[in-house]
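The structure under discussion appears below in the form of structure tokens.
These figures come from a predicted structure and were not determined experimentally.
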Amino acid sequence: MSLKPHVAALIRQQSERLIELSHRIHAHPEVGFEEFRSSAWVGESLSAAGFDVRMGVCELPTAFSAARGSGTLHIGLCAEYDSLPGIGHACGHNIIAASAVGAAIGLAAVADDLDVSVRVLGTPGEEVGDAGGKILMIERGAFDGVHAAMMVHPAPHDVATPRLIASSTFDVVYTGKAAHAAMYPELGVNAADALTVAQTAIGLLRQHIRSTDRVHGIVTHGGDAPNIVPARAAARYMARASTLEELQELRPRVHRCFEAGALATGAALEIVGGSSPYAEVVHDDPMVAVYRRNAEALGRRFLDSGPAVERAAASTDMGNVSRTIPSIHPLIGIDSLPAVNHQPEFAAHCVTAAADRALVDGAIALAWTAIDIATDASLRARLVRA
Ligand SMILES: [Zn+2]
Ligand SMILES: [Zn+2]
């Protein structure tokens with residue numbers, strides 16, 4: 001029996017369970033590093049399929065590593081399952097988790113025939129933006145020995161090599177001095193004004209950065225009452241650039257805007273975090289070509305041009321994996337337009353029939369990609385050698 005139809009049939013047999021897993025995670029959204037139920041459910045699904053599952057690896061309570069097979073080519077599948085604050089699974093990580101489980105179950109059934117080992121890495125905290133789960137898991141050895149890493153990510157369209165850029169997330173805290181805002185304003189140091197100056201400076205900076213750079217953020221604390229001069233103001237910001245190297249040039253310029261706020265007002269500035277940035281994703285072209293062929297054989301159509309491909313940019317800690325291990329991170333379409341990622345409307349789309357179809361197609365396409373890599377002598381040799 002040819003392996004590909006066999007594996008596809010196996011995954012399709014499991015589709016009801018996979019969809020139920022996806023919907024259950026979706027119905028119980030948990031933010032980064034708090035995915036206790038979600039990680040347990042994904043781990044249990046793999047355990048039930050004969051995987052050796054170790055929960056809480058790398059000193060991360062919501063991470064796991066699940067292994068099956070003893071072949072010489074080690075395929076890694078990344079399962080994300082964190083949600084976004086306030087808007088639930090608006091990035092569709094429920095689909096990522098379920099498609100990784102489906103691919104793993106299908107691939108494990110033929111692992112011996114292929115001389116392959118399958119490892120599913122439960123990678124928490126992708127949306128946190130600094131020191132994400134994959135970064136910590138790489139540092140702590142969870143990816144050691146993996147020759148190729150794969151995942152699919154839901155989006156409005158299928159895109160083979162989405163632009164996934166480097167990103168640094170950090171907190172900014174200004175400390176001023178409280179005072180009665182009307183009676184003794186001259187005794188106050190206004191921390192919120194420092195933030196206003198910084199935001200104005202960043203707005204002006206945008207004229208003089210690369211068109212591919214991004215700077216954006218939110219105010220997380222702006223004061224306590226209008227009649228108290230704000231003694232404390234805080235913000236969480238992200239700076240992004242095409243590569244880690246370009247990000248290194250951008251970050252000090254953004255920091256100087258925050259220093260400007262401190263200088264103008266006399267508030268003290270503290271910048272916290274941002275030391276473990278997300279790297280850009282380096283798509284492994286030969287593996288992408290294999291994935292694309294397989295996804296197209298399942299009837300999926302890829303978007304190759306237009307603003308959604310050329311202008312859109314996001315970031316992921318899969319970038320850090322991809323700079324260490326040959327990786328793919330294609331987008332899989334869930335037919336959500338006009339809803340796009342990180343909108344509550346997109347969250348609603350992540351449990352539709354199109355989303356369920358995407359998770360099954362994604363699982364099959366990933367498993368087929370692994371089969372092709374394992375059986376193509378030159379692709380395989382290139383990865384095992386690397
Ligand atoms: Zn997201
Ligand atoms: Zn995401």
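Using modelled atom types, one side-chain atom of Ser117 and one backbone atom of Gly71 make a donor-acceptor pair closer than 3.5 Å. Side-chain atoms of His157 do not come within 3.5 Å of backbone N or O of Gly333 as any donor-acceptor pair. The backbone N or O of Ala239 sits nowhere less than 3.5 Å from a side-chain atom of Ser168 that would complete a donor-acceptor pair. Of the possible polar contacts, none joining the His283 side chain to the Asp285 backbone as a donor-acceptor pair under 3.5 Å is found. Put simply, the side chain of Gln207 gets close to the backbone of Leu204: a donor and an acceptor are under 3.5 Å apart. Side chain of Gln14 to backbone of Gly102: no donor-acceptor contact under 3.5 angstrom is found. Side-chain atoms of Ser315 do not come within 3.5 Å of backbone N or O of Leu164 as any donor-acceptor pair. At distances below 3.5 Å, at least one donor-acceptor pair connects side-chain atoms of Arg251 with backbone N or O atoms of Gly274. Proximity of a side-chain donor or acceptor of Asn320 to a complementary backbone N or O of Ala279 within less than 3.5 Å is detected. Side chain of Asp317 to main chain of Lys134: a donor-acceptor pair is present (N/O by atom type, distance under 3.5 Å, no hydrogens or angles).
Checked by atom type, the side-chain pair His349/Gln343 shows no donor-acceptor distance below 3.5 Å. Looking at Ser22 and Asn94, their side chains do bring a donor and an acceptor atom within 3.5 Å of each other. Using modelled atom types, one finds a donor on one side chain and an acceptor on the other under 3.5 Å when comparing Thr72 with Arg380.
For an aromatic pair to be called close, the ring centres must be under 6.0 Å apart, and His26 with His93 fails this.
Side chains of Asp376 and Ser378 form a contact here, defined as non-hydrogen atoms less than 4.5 Å apart. Inter-residue side-chain proximity for Asn190 and Thr196 is flagged as unmet; no heavy-atom pair is nearer than 4.5 Å. When side chains are defined from C-beta on, Ile165 does not count as touching Ser167, because their heavy atoms never get closer than 4.5 Å. Side-chain atoms of Ser327 and Val281, non-hydrogen and from C-beta on, never get closer than 4.5 Å to each other. Side-chain atoms of His147 and Pro326, non-hydrogen and from C-beta on, never get closer than 4.5 Å to each other. When side chains are defined from C-beta on, Glu127 does not count as touching Ser83, because their heavy atoms never get closer than 4.5 Å. Counting heavy atoms from C-beta on, the side chains of Ile325 and Phe143 come closer than 4.5 Å. At least one side-chain heavy atom of Ile364 sits less than 4.5 Å from a side-chain heavy atom of Arg12.
The shortest heavy-atom contact between Ala109 and Asp113 is O-OD2, 4.1 Å. Here the closest heavy-atom approach between residue Met287 and residue Ala149 is recorded as CE-O, 3.9 Å. The shortest non-hydrogen separation linking Gly266 to Val189 is C-CG1, 3.7 Å. Of all heavy-atom pairs between Pro124 and Ala63, the closest is CD-CB, 3.7 Å. The two residues Pro154 and Asn341 have their closest heavy-atom pair at O-ND2, 3.2 Å. Scanning all heavy atoms of the two residues, the minimum distance from Leu205 to Cys257 falls at CD2-SG, 4.0 Å.
Linking ILVMFWY side-chain heavy atoms closer than 4.5 Å, directly or via other members, places Val288 and Leu366 in a single hydrophobic cluster. Both Phe33 and Val57 sit in one connected hydrophobic cluster of ILVMFWY residues. Membership requires side-chain heavy atoms under 4.5 Å apart, directly or through other members. Hydrophobic clustering places Leu77 together with Trp368 (ILVMFWY residues linked when any side-chain heavy atoms are closer than 4.5 Å, directly or through intermediates). The cluster map of Ile, Leu, Val, Met, Phe, Trp and Tyr, joined by side-chain heavy atoms under 4.5 Å apart, puts Val321 and Tyr291 in different clusters. Val146 and Ile96 fall within the same hydrophobic cluster, where Ile, Leu, Val, Met, Phe, Trp and Tyr residues are linked whenever their side-chain heavy atoms come under 4.5 Å apart, directly or through other members.
Summarising the geometry, atom CD1 belonging to Ile334 is positioned 13.0 Å from atom CG belonging to Asp361; distances are rounded to the nearest 0.5 Å. A distance of 11.0 Å separates OG of Ser211 from CZ of Arg311, quoted to the nearest 0.5 Å. Distance check, rounded to the nearest 0.5 Å: CZ of Arg323 to CD1 of Ile138 gives 11.0 Å. Distance CE/Met151 to OG1/Thr316: 5.5 Å, rounded to 0.5 Å. How far CD of Glu126 is from OH of Tyr278: 5.5 Å, rounded to the nearest 0.5 Å. Distance check, rounded to the nearest 0.5 Å: CD1 of Ile95 to CD of Glu80 gives 12.0 Å.
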Checklist entry - Do Asp372 and Lys4 pass the salt bridge (charged side-chain N to carboxylate O under 4.0 Å, His left out) test, and can you show the C-alpha distance, the side-chain angles, and the key distance before you say yes or no? => result CA-CA 9 Å; Asp372 285 342; Lys4 277 185 170 179; 2.9 Å; yes
Next on the checklist: Between Arg357 and Asp335, does the salt bridge (charged side-chain N to carboxylate O under 4.0 Å, His left out) criterion hold? Intermediate values first, please.
Outcome noted: CA-CA 10 Å; Arg357 201 161 49 242; Asp335 198 17; 5.6 Å; no
Next on the checklist: With side-chain contact (heavy atoms from CB on, under 4.5 Å) as the criterion, how do Leu73 and Leu114 come out once you've worked through the C-alpha distance, each side chain's angles and the decisive distance to 0.1 Å?
Outcome noted: CA-CA 9 Å; Leu73 174 66; Leu114 296 168; over 6 Å; no
Checklist entry - Taking it one step at a time, do Ser38 and His28 satisfy side-chain contact (heavy atoms from CB on, under 4.5 Å)? => result CA-CA 8 Å; Ser38 306; His28 299 90; 5.6 Å; no
Next on the checklist: Run Arg292 and Asp304 through salt bridge (charged side-chain N to carboxylate O under 4.0 Å, His left out) and show every step you take.
Outcome noted: CA-CA 12 Å; Arg292 181 177 180 133; Asp304 288 317; 2.8 Å; yes
Checklist entry - side-chain contact (heavy atoms from CB on, under 4.5 Å) between Ile371 and Leu107: does it pass, once the steps are laid out? => result CA-CA 8 Å; Ile371 291 171; Leu107 195 54; 4.1 Å; yes
Next on the checklist: If you apply the rule side-chain contact (heavy atoms from CB on, under 4.5 Å), what do you find for His153 with His329, and how did you get there?
Outcome noted: CA-CA 7 Å; His153 194 301; His329 184 294; 3.4 Å; yes
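Residues Arg253 and Asp213 are not paired through a salt bridge, judged by the lack of any N-O separation under 4.0 Å between the basic side chain and the carboxylate.
Paired with Glu20 under the rule side-chain contact (heavy atoms from CB on, under 4.5 Å), one option of Arg24, Glu16, His23, Arg17 passes, and it is Arg24.
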Using distance only, find each side-chain donor-acceptor pair of residues 39-53 under 3.5 Å and give its atom names and separation, not counting sequence neighbours.
from  : atom 1 : to    : atom 2 : distance (Å)
Ser39 : OG     : Glu35 : O      : 2.8
Ser39 : OG     : Phe36 : O      : 3.2
Ser45 : OG     : Trp41 : O      : 3.0

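Aromatic ring orientation, Phe258 versus Phe170: perpendicular (interplanar angle above 60°, classes split at 30° and 60°).
Under a cut-off of 6.0 angstrom, the local environment of CZ in Arg236 is sparse, with at most 12 non-hydrogen atoms contributed by other residues, nucleotides or ligands. Counting non-hydrogen atoms of neighbouring residues, nucleotides and ligands closer than 6.0 angstrom, the NZ atom of Lys177 reaches no more than 12 such neighbours. The local environment of CD in Glu59 is sparse, with at most 12 non-hydrogen atoms from other residues, nucleotides or ligands closer than 6.0 Å.
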